[in-house]
Every structure is written in C-alpha cells, then in structure tokens.
**Student:** 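Below is one structure. I have some questions about it.
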Amino acid sequence: RSRGVKKLTLLDQSAQMLDQAKAKPPLADCAFVLADATQPLPLEAARFDRVVSSGFFYYLPNPVEVLREKMRVLKPGGKVLVMGSLAPKPRLVRFFAQTFNRFPTEAQYEGWFKDAGLTDVKYTHVSNPWNAQQYALAIVGTKASAASTPPRMAPPAHAADTIGAKIRRLLARATRG
C-alpha cells in the first residue's frame, strides 16, 4: 500500500486469488470481498475514492454497465482506473492472440468511459519488458462532483449468464475432454 491510502478493499471472483492476497503481509489490513465484478457489487453507494480494475475489462460483454456499477460505489469526484490489453503489434503474435482474446481499441475504451458518464477521460500506453511496443492501456475517468449515483446494476436474467459462470463451464469442458 502506498502512503496516503488509509483503507484498501480488494475484490475478486476467485476465493483462491483472495487467499493469495491475504497471505501477503503488506495487505494484512485490507478488506477482502468475494464477488463477481460483472454483477451488482455487494458494496454501498458512494463509498470509495478510487476504483481500479486490471486484467479483465476487455472480456466484458457490456463494459458500460460495469463502469456504471463502479461509478455507483464511487464518491463524487472519485476516479475509475482500468488497465486493459491492446492488440499486440507484432503481426504473428497478434494473429495468435486474437484467436482467443478480444482487444478493444483506445477509442472503444474511451467511448465506454464516456458512455458510462465518466468525465475528464485520459489514457496512456503501458509496455512491459518482453514487449516494449504498445502493450496495454491505462485509462482513467472521473465521476463528476455533481453526478448522481447510477442505480445498482441489474442482475443477469440467469446466473449462468455471468462471465465467471461461463469461464467455469469452459474450464470444466476443457478438463473433461
């Protein structure tokens, strides 16, 4: 945790990932929430100053709905930060990566943030040691101070429609056959 952070809440749909986080001494004072970020969050409205997501946003079937739910738990003036993948630049890597992954463009990420009602949307490109070329995007938007809190996200018509449920079914099929 960095200086100035008084309270940190970690949310994941995987109990195993939360257990790994709980085992890290620097995170001992954190709150841990087991929940699916594509569902209504079990958190009260206007609770957080910052909401950060990494490594899953580009899989969402309806990113605007998820951003609105993030805004619901965000205080006015608070910020949403998302780290998301971009299509790999090397042509061969991109060909294989696009067979199993979705890579939104910068314009799509920015459009989702604006459609959700976030303001002052900015982004920067992020790279890593094994791919110094454009690799991912860090995008941030602000919940306007005068913005009303969006209503709670509606649950899916059927629990089997959640991303988590779909991934679990896919993994179960893969291990069976």
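Only a predicted model underlies this, so the values are computations on that prediction, with no experimental measurement involved.
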**Student:** As an exercise, state the distance from CD of Gln108 to CD of Glu106, rounded to the nearest 0.5 Å.
**Tutor:**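 Going from the CD atom of Gln108 to the CD atom of Glu106 covers 9.5 Å.
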**Student:** Hey, mind stepping through Val33 and Leu43 against side-chain contact (heavy atoms from CB on, under 4.5 Å) and telling me if it holds?
**Tutor:** CA-CA 9 Å; Val33 177; Leu43 304 164; 4.3 Å; yes
**Student:** With rounding to the nearest 0.5 angstrom, report the OG to NZ distance, Ser53 to Lys70.
**Tutor:**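 Between Ser53 OG and Lys70 NZ, I get 2.5 Å after rounding to 0.5 Å.
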**Student:** Does anything in residues 115-126 form a salt bridge (Lys or Arg N to Asp or Glu O under 4.0 Å)? List the pairs, not counting sequence neighbours.
**Tutor:**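 Passing the test, one end in residues 115-126: Asp120-Lys122.
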**Student:** Does any N or O in the side chain of Thr119 come within less than 3.5 Å of the main-chain N or O of Thr142, such that one atom is a donor and the other an acceptor?
**Tutor:**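 Confirmed, Thr119 side chain pairs with Thr142 backbone.
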**Student:** Using a 3.5 Å distance criterion without hydrogens, assess whether the side chain of Lys79 forms a donor-acceptor pair with backbone atoms of Gly141.
**Tutor:**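 Not a single qualifying donor-acceptor pair exists.
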**Student:** If you look at every heavy atom in Ser54 and Met83, which pair is closest and at what distance?
**Tutor:**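 Between these two residues, the closest heavy atoms are OG-CB, 3.5 Å.
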**Student:** Just by distance, do the side chain of Gln98 and the backbone of Phe95 share a donor-acceptor pair under 3.5 Å?
**Tutor:**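 Such a contact is absent between Gln98 side chain and Phe95 backbone.
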**Student:** Might you point out which heavy atoms bring Phe32 and Ala21 nearest each other, and give the distance in Å?
**Tutor:**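 Taking Phe32 first and Ala21 second, the nearest heavy atoms are CE2-CB, 3.7 Å.
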**Student:** Treating Ile, Leu, Val, Met, Phe, Trp and Tyr as nodes and any side-chain heavy-atom pair under 4.5 angstrom as an edge, say whether Tyr59 and Leu137 lie in one connected cluster.
**Tutor:**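 Hydrophobic grouping puts Tyr59 with Leu137.
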**Student:** With a 3.5 Å cut-off and no angle check, do the side chains of Asp12 and Ser14 form a donor-acceptor pair?
**Tutor:**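 Not at all, the side chains of Asp12 and Ser14 share no donor-acceptor pair under 3.5 Å.
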**Student:** Could you pull out the closest heavy-atom pair between Ala37 and Phe56, with the gap in Å?
**Tutor:**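 Ala37 and Phe56 have their closest heavy atoms at CB-CZ, 3.8 Å.
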**Student:** For Met71 versus Ala116, what's the shortest heavy-atom pair and its separation?
**Tutor:**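 What the structure gives for the nearest pair is SD-O, 3.2 Å.
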**Student:** Please lay out, stage by stage, how Phe113 and Val82 fare under the test side-chain contact (heavy atoms from CB on, under 4.5 Å).
**Tutor:** CA-CA 10 Å; Phe113 269 60; Val82 168; 3.7 Å; yes
**Student:** Considering residues at least two apart in sequence or located in another chain, which fulfil the side chain to side chain donor-acceptor pair (under 3.5 Å) criterion with Thr9?
**Tutor:**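 With neighbours one apart ignored, the set is empty.
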**Student:** Can you tell me how far apart CG (Leu86) and CZ (Phe103) are? Round to the nearest 0.5 Å.
**Tutor:**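 Reported value, rounded in 0.5 Å steps: 9.0 Å.
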**Student:** Verify the cluster assignment for Tyr58 and Leu81: are they in a single hydrophobic cluster under the rule of side-chain heavy atoms below 4.5 Å apart?
**Tutor:**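 No, it is not one cluster - the side chains of Tyr58 and Leu81 are not joined through contacts under 4.5 Å.
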**Student:** Kindly compute the distance separating SG (Cys30) from NZ (Lys7), expressed to the nearest 0.5 Å.
**Tutor:**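 Answer for the SG-NZ pair, Cys30 versus Lys7, is 10.5 Å.
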**Student:** Any donor-acceptor pair under 3.5 Å linking the side chain of Arg68 with the backbone of Gly117?
**Tutor:**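 No, Arg68 side chain to Gly117 backbone: no donor-acceptor pair under 3.5 Å.
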**Student:** Nearest 0.5 Å please: distance from the CG atom of Asp19 over to the NZ atom of Lys24.
**Tutor:**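 So the gap between those two atoms works out to 12.5 Å.
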**Student:** So which heavy atom on Leu11 is nearest to which on Ala35, and how close?
**Tutor:**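 Nearest heavy atoms, Leu11 then Ala35: CD2-O, 3.6 Å.
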**Student:** Please say yes or no: joined through hydrophobic side-chain contacts below 4.5 Å, possibly via intermediate residues, are Leu74 and Val52 part of one cluster?
**Tutor:**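 No, it is not one cluster - the side chains of Leu74 and Val52 are not joined through contacts under 4.5 Å.
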**Student:** Please report the interatomic distance CD(Glu110) to OH(Tyr123), rounded to the nearest 0.5 Å.
**Tutor:**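 So the gap between those two atoms works out to 5.5 Å.
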**Student:** Treat each ILVMFWY residue as a node, draw an edge where side-chain heavy atoms are under 4.5 Å apart, and state whether Leu27 and Leu34 are in one component.
**Tutor:**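 Yes, it is one cluster - the side chains of Leu27 and Leu34 are joined through contacts under 4.5 Å.
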**Student:** Could you tell me whether the side chain of Arg72 and the main chain of Leu67 form a donor-acceptor pair under 3.5 Å?
**Tutor:**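 No.
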**Student:** Check whether NZ of the Lys or CZ of the Arg Lys75 lies under 6.0 Å from the centre of the six-membered ring of Phe48 and within 45 degrees of that ring's axis.
**Tutor:**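 Not flagged: Lys75 not positioned over aromatic ring of Phe48.
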**Student:** Are Val121 and Val51 grouped together when hydrophobic residues (ILVMFWY) are joined by side-chain heavy atoms under 4.5 angstrom apart?
**Tutor:**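 Per the 4.5 Å side-chain linkage, Val121 and Val51 are co-clustered.
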